[in-house]
Amino acid sequence: MRQAGRYMPEYQALKAQYSFLEICRKPEIAAKATMDAFNYLRPDAAIIFSDIMIPALAMGLELDFAPGPKLNRAIQTHDDVVSLKRPEPAKDLDFVMNAIQLTRAQLPSSASLIGFVGAPLTLAAYLAEGAPSKNWVGFKETLYDRQSAFEALLERCVEAVTKHALAQVEAGCDAIQLFDTNAGMLHPLELERFALASAGDVIAALREKVDVPIIYFARNVGAHLETVGARTKADVLGIDWSLQMRSAADRLQSHAVMGNLDPTVLFASEDVVEKRTLALLEEMKGRPGHIFNLGHGVLPKTPPPNARKIIETIRSFHSVEE
Ligand code: 1CP
């Protein structure tokens, strides 16, 4: 997650020349951001360079990053929802699809390319709030007080992210990840009714049209993992770092699992990074369908050699095992 992110010197060099949105909009530069990270880390899969808020542009909103996303207006009423444009990502967001094609052409054929979208609930939360927030009161107030407007907004988000994910697969992505960063801030009733139901709708709609693995990552939903698996029916569930990975996996028999090293381990010494990576590999030994990953995104100021150390450690662990 966030391989190119804000911690690599190659990315900082791009940022000295272009804004974040310019990098997203210039396919050659977006592909370079992905490839710089891929070439340094050499993981099994690369993630495209974009952001979960990019579909807001196709919904007719103005978007800026400072560095978190900021919209020109928040979407909180029925009239606001009705004013949103029906997105046509293949046309409105052609720069994303062009970046995917360029990246796919540069990646070795053995490497997978992961496309991504925000899950409907998380995209709706950002649209209702207008920007990241500490308590997300604008989002929660819309959800509690203007429920039919919020439901209409969620429906528009289902449409926007389904179309955007389909266009990404058609452009060459081998898997799709849904990020539901905000799902875990809901009461269990709202988690199921709004977040899991809408993510499940996107996943079901994608399955009708394309045959790629679908990864669902929600944060802070550990108490409800079984429900998350059953309601979304994702192929792979991302697990955040608050859970013991093996017991999370045991609770999700029929799903592959992805995760879950604490991203702040990467600020420790190389020795600790290696020990914690090996501990997680040992814990998951014999459990088919474990994709090693962090339990959330790589943080700014992470020392790049520690990110590479994780991958080297996994490779030597598996070569000894074989
Ligand atoms: O390699 C990569 O960096 C991959 C591309 C990527 C991904 C997968 C970016 C680039 N963003 C994301 C996902 C994303 N964006 C999520 C879901 C994952 C998560 O929970 O972290 C979310 C919630 C966002 C929204 C967003 N965009 C934030 C978070 C704001 C908050 O609520 O605290 C931020 C800071 C951005 C901007 C952004 N997106 C990506 C980058 C590299 C940046 C920083 C821009 C800069 O360098 O100035």
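Keep in mind that what you see is a predicted model, and the values were worked out from it rather than measured. Numbering of ligands and ligand atoms starts at 1, following listing order. Values below: every heavy atom of this structure, side chains too, minus hydrogens, waters and symmetry copies.
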Heteroatom proximity flag, Thr181 to ligand 1, N/O under 3.5 Å: yes
Option nearest atom 45 (C) of ligand 1 (shortest heavy-atom distance, choices Phe20, Phe65, Tyr126): Phe20
For Arg6, atoms of ligand 1 separated by under 4.0 Å from a heavy atom: 35 (C), 44 (C), 47 (O)
cation_pi(Arg6, Tyr11) dist<6.0 Å, angle<=45: no
Intermediate values then yes/no, ring-ring contact (aromatic ring centres under 6.0 Å, His included), Phe49 and Phe20: CA-CA 10 Å; Phe49 193 83; Phe20 175 70; 5.5 Å; yes
Numbering as shown, the atoms of ligand 1 that approach Phe179 to under 4.0 Å (heavy-atom distance): 8 (C), 17 (C), 18 (C)
Heavy-atom nearest option to atom 47 (O) of ligand 1, drawn from Phe217, Tyr11, Trp136: Tyr11
Residues Glu151 and Arg156 bridged, charged N to O under 4.0 Å: no
N or O pair under 3.5 Å between Thr122 and ligand 1: no
Polar contact flag, side-chain donor to acceptor under 3.5 angstrom, Ser269-Asp271: no
Non-hydrogen atom of Met53 closer than 4.0 Å to ligand 1: no
Where ligand 1 meets Pro67 - atom numbers and elements under 4.0 angstrom, heavy-atom basis: 35 (C), 36 (C), 37 (C), 48 (O)
Working for ring-ring contact (aromatic ring centres under 6.0 Å, His included), residues Phe194 and Phe150: CA-CA 9 Å; Phe194 295 112; Phe150 187 75; 5.6 Å; yes
Within-shell test, Gln177 vs ligand 1, heavy atom, strictly < 4.0 Å: no
Residue-ligand contact Ala37/ligand 1, heavy atom below 4.0 Å: no
For Pro132, the ligand 1 atoms whose distance to one of its heavy atoms is below 4.0 Å: 30 (C), 31 (C), 32 (O)
For atom 15 (N) of ligand 1, the option (of Asp51, Val117, Leu299) bearing the nearest heavy atom: Asp51
Geometric class of the Trp136/Phe139 ring pair [parallel <30°, tilted 30-60°, perpendicular >60°]: perpendicular
Asp211 CG: over 12 foreign heavy atoms closer than 6.0 Å: no
Check: Arg219 N/O within less than 3.5 Å of ligand 1 N/O: no
Proximity of Ala33 to ligand 1 by residue part, where a heavy atom lies under 4.0 Å: neither
Check: Leu186 and Lys140 side chains under 4.5 Å, non-hydrogen atoms: yes
Asp92/Lys85 ion pair, N-O < 4.0 Å: yes
Pairing residues for Glu10 by the side chain to side chain donor-acceptor pair (under 3.5 Å) criterion, not counting sequence neighbours: none
Test item, Gly297 contacting ligand 1 (heavy atom, 4.0 angstrom): no
